[in-house]
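Computed from a prediction, not measured in an experiment: that's the story for all the values here. Both counts, for ligands and for their atoms, begin at 1 and track the order of listing.
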Amino acid sequence: MKSMKPLKQLKLSVPAQETPITNFLTASGTFQDGDLMLNQKGLRLISEENDAMTPSDKNVIDFQLEDLETIKVIGKGGGGVVQLVRHKWVGTLFALKVIQMNIQEEIRKQIVQELKINQASQCSHVVVCYHSFYHNGAISLVFEYMDRGSLADVIRQVKTILEPYLAVVCKQVLQGLVYLHNERHVIHRDIKPSNLLVNHKGEVKITDFGVSAMLASSMGQRNTFVGTYNYMSPERISGSTYDYKSDIWSLGLVILECAIGRFPYIQSEEQLGAPSFYELLEAIVRSPVPSAPADQFSPEFCSFVSSCIQKDPVDRSSAVDLLDHPFIKKFEDKDIDLAILVECLDAPVNFPK
Ligand code: ATP
Ligand code: MG
């Protein structure tokens with residue numbers, strides 16, 4: 001008979017009053033602090049080998065990298081690969097992003113530390129980063145899986161998105177931005193179609209918050225921006241100081257692109273190849289700003305786009321103000337269900353029951 005392990009001494013540490021308890025809660029409603037795990041099934045002690053967790057325990061989601069199995073690669077960005085993974089015991093799907101970082105170990109550790117703080121996202125319009133690991137010179141991030149991919153995937157399939165749906169997308173992105181700007185006091189810096197993710201419920205969430213900011217601020221990466229310059233505001237692409245309004249410019253361009261079916265600085269689909277950095281810089285800083293054609297779009301939509309795409313950040317509206325814009329208000333009580341739009345899209349994988 002297997003001998004019983006001696007019970008460990010319980011060190012019960014209670015979070016201080018001012019710390020919101022939700023900081024320690026996993027998505028499954030589990031409170032975990034060291035060896036102590038508390039969920040709706042009660043209080044339990046977990047040994048270092050996690051042997052208290054069994055496959056049948058659906059309420060506990062604990063992350064060790066080795067507990068995740070790869071289903072397939074779902075995307076590749078400049079910074080790394082994104083895989084669809086499944087928790088072997090619980091069956092939950094996640095998106096695992098692995099970023100190889102060619103920087104000093106100390107900085108990598110700092111980044112993971114900061115990401116851990118960011119894990120406590122409390123906004124339903126920001127993709128949850130459940131866990132981050134630093135392993136073998138790479139940083140692995142376990143994200144909430146958004147099963148309809150990104151807005152880039154959506155427009156690749158549907159070409160253009162109609163105004164009522166765009167208003168619903170915009171509202172959710174703005175709610176995410178209000179959270180990032182006003183509560184977390186961070187600039188996203190990389191708002192673009194591939195960082196706005198969609199799920200089968202029609203929810204739109206901002207991702208890569210923190211990642212781009214941290215990559216940008218980590219010493220080794222300061223001059224090596226890996227993403228696209230397409231959505232960068234004039235002040236940012238020209239190297240001036242920038243603030244939250246830089247994200248608003250990017251949102252305006254993204255929404256206009258979704259409406260007209262092409263990146264607004266490209267005149268036609270026939271224009272071959274992506275513009276070079278210098279062509280973009282020239283266009284964004286010197287050319288007149290792009291706008292929605294008044295003969296094809298409602299005055300509210302044209303005004304919304306123009307409230308975002310202004311060269312001088314002072315002239316751009318804030319995320320809070322834009323939530324009250326007539327374009328957003330116009331469709332608010334119309335019960336527009338984005339789930340209907342994404343229903344017809346190719347689902348990367350069936351959502352588990
Ligand atoms: P870049 O690296 O230039 O910023 P990117 O945003 O496309 O570009 P990644 O962030 O690595 O690069 O994402 C690649 C793709 O993976 C995205 O376009 C999206 O389709 C998919 N993806 C990323 N995160 C998730 C997620 N949480 N759920 C589902 N799909 C995701
Ligand atoms: Mg991304």
Side-chain angles (χ1 to χ4, degrees), residues 27 61 63 68 70-87 92-102 111 115 118-119 121 123-132 138-158 169 172-173 176 180 186-216 218 221 224-232 236-237 246-247 250-251 253-254 257-258 263 274-275 277 280 342 345-352:
I61 302 180
F63 302 106
L68 302 174
T70 303
I71 298 176
K72 63 173 187 170
V73 171
I74 44 177
K76 234 178 204 157
V81 174
V82 180
Q83 296 164 48
L84 172 63
V85 295
R86 185 193 290 119
H87 193 288
T92 312
L93 299 175
F94 298 101
L96 177 73
K97 182 166 186 166
V98 182
I99 308 170
Q100 284 291 342
M101 293 190 80
N102 194 15
I111 292 176
L115 284 168
N118 279 334
Q119 266 161 225
S121 161
C123 174
S124 48
H125 298 292
V126 171
V127 173
V128 180
C129 177
Y130 290 103
H131 226 306
S132 42
I139 290 177
S140 302
L141 306 166
V142 181
F143 285 105
E144 166 184 14
Y145 174 55
M146 296 293 284
D147 62 351
R148 288 300 184 272
S150 72
L151 212 52
D153 301 319
V154 175
I155 47 180
R156 240 192 313 275
Q157 291 188 53
V158 300
V169 170
Q172 299 189 57
V173 177
L180 295 182
V186 295
I187 312 167
H188 184 289
R189 294 163 208 250
D190 205 11
I191 294 289
K192 58 182 177 183
S194 65
N195 281 343
L196 302 176
L197 305 183
V198 189
N199 66 19
H200 69 288
K201 292 186 246 172
E203 293 169 335
V204 182
K205 305 189 186 197
I206 303 174
T207 192
D208 283 351
F209 134 65
V211 176
S212 56
M214 261 164 280
L215 291 182
S218 66
Q221 303 275 319
T224 51
F225 178 76
V226 287
T228 172
Y229 293 93
N230 283 11
Y231 305 91
M232 268 193 193
R236 184 153 180 232
I237 199 166
S246 197
D247 287 341
S250 312
L251 172 66
L253 275 192
V254 169
E257 174 170 343
C258 293
F263 175 58
F277 171 76
L280 262 175
V342 297
L345 302 178
D346 297 338
V349 76
N350 289 331
F351 202 80

(message) Strictly by salt bridge (charged side-chain N to carboxylate O under 4.0 Å, His left out), give each pair with a member in residues 74-83 just once, sequence neighbours left out.
(response) none
(request) May I ask you to list the atoms of ligand 1 that are less than 4.0 angstrom from any heavy atom of I74? (result) 29 (C), 30 (N)
(request) Looking only at non-hydrogen atoms, find the nearest pair between Y231 and I191 and report the distance. (result) CB-O, 3.6 Å
(request) Return the set of residues passing side-chain hydrogen bond (donor to acceptor under 3.5 Å, both in side chains) with S140 (not counting sequence neighbours), or none when no residue passes. (result) none
(request) With heavy atoms only and a cut-off of under 4.0 Å, state how D190 meets ligand 1: side chain, backbone, both or neither. (result) side chain
(request) Name the option, out of C129, S194, P193, A95, that contains the heavy atom nearest to atom 18 (O) of ligand 1. (result) S194
(request) Could you establish whether T207 and ligand 1 come within less than 4.0 Å of each other, counting only heavy atoms on the residue side? (result) no
(message) Using modelled atom types and a 3.5 Å cut-off, is there a donor and acceptor pairing between side-chain atoms of N195 and backbone atoms of K192?
(response) no
(message) Before you tell me yes or no, could you show the steps for F143 and D208 under side-chain contact (heavy atoms from CB on, under 4.5 Å), namely the whole-Å CA-CA distance, both residues' side-chain angles and the distance that decides it to 0.1 Å?
(response) CA-CA 10 Å; F143 285 105; D208 283 351; 4.2 Å; yes
(message) So if I count the atoms of ligand 1 from 1 in the order they appear, which ones are less than 4.0 Å from some heavy atom of Y145?
(response) 28 (N), 29 (C)
(request) Report the part of D153 in contact with ligand 1, treating N, CA, C, O as backbone and CB onward as side chain, heavy atoms under 4.0 Å; options are side chain, backbone, both, neither. (result) side chain
(request) Please check if the distance between the ring centroids of Y130 and F94 is under 6.0 Å. (result) yes
(request) Please identify each residue that fulfils side-chain hydrogen bond (donor to acceptor under 3.5 Å, both in side chains) with S194, with sequence neighbours left out. (result) none
(message) For Y229 together with F277, are the ring centres under 6.0 Å from each other?
(response) yes
(request) Go through ligand 1 atom by atom and flag the ones less than 4.0 Å from a non-hydrogen atom of D208. (result) 10 (O)
(request) Heavy-atom distances under 4.0 Å are what count here, so tell me which part of L197 touches ligand 1: side chain, backbone, both or neither. (result) side chain
(request) Mark yes or no for whether D147, through its side chain, and H200, through its backbone, hold a donor-acceptor pair below 3.5 Å. (result) yes
(request) Please work out which of E144, K97, M146, R148 has its closest non-hydrogen atom nearest to atom 9 (P) of ligand 1. (result) K97
(message) For atom 1 (P) of ligand 1, which of the options K205, K192, K76, R156 provides the nearest non-hydrogen atom?
(response) K192
(message) Suppose I only count heavy atoms of F143 and a 4.0 Å limit; which atoms of ligand 1 are within that range?
(response) 27 (N)
(message) Taking 2.8 Å as the distance threshold, tell me the number of protein N/O/S atoms next to the Mg ion (ligand 2).
(response) 2
(message) So K205 and E144, do their side chains get closer than 4.5 Å, heavy atoms only?
(response) yes
(message) Would you compute the distance between atom CZ of R236 and atom CD1 of I187 and round it to the nearest 0.5 angstrom?
(response) 8.0 Å
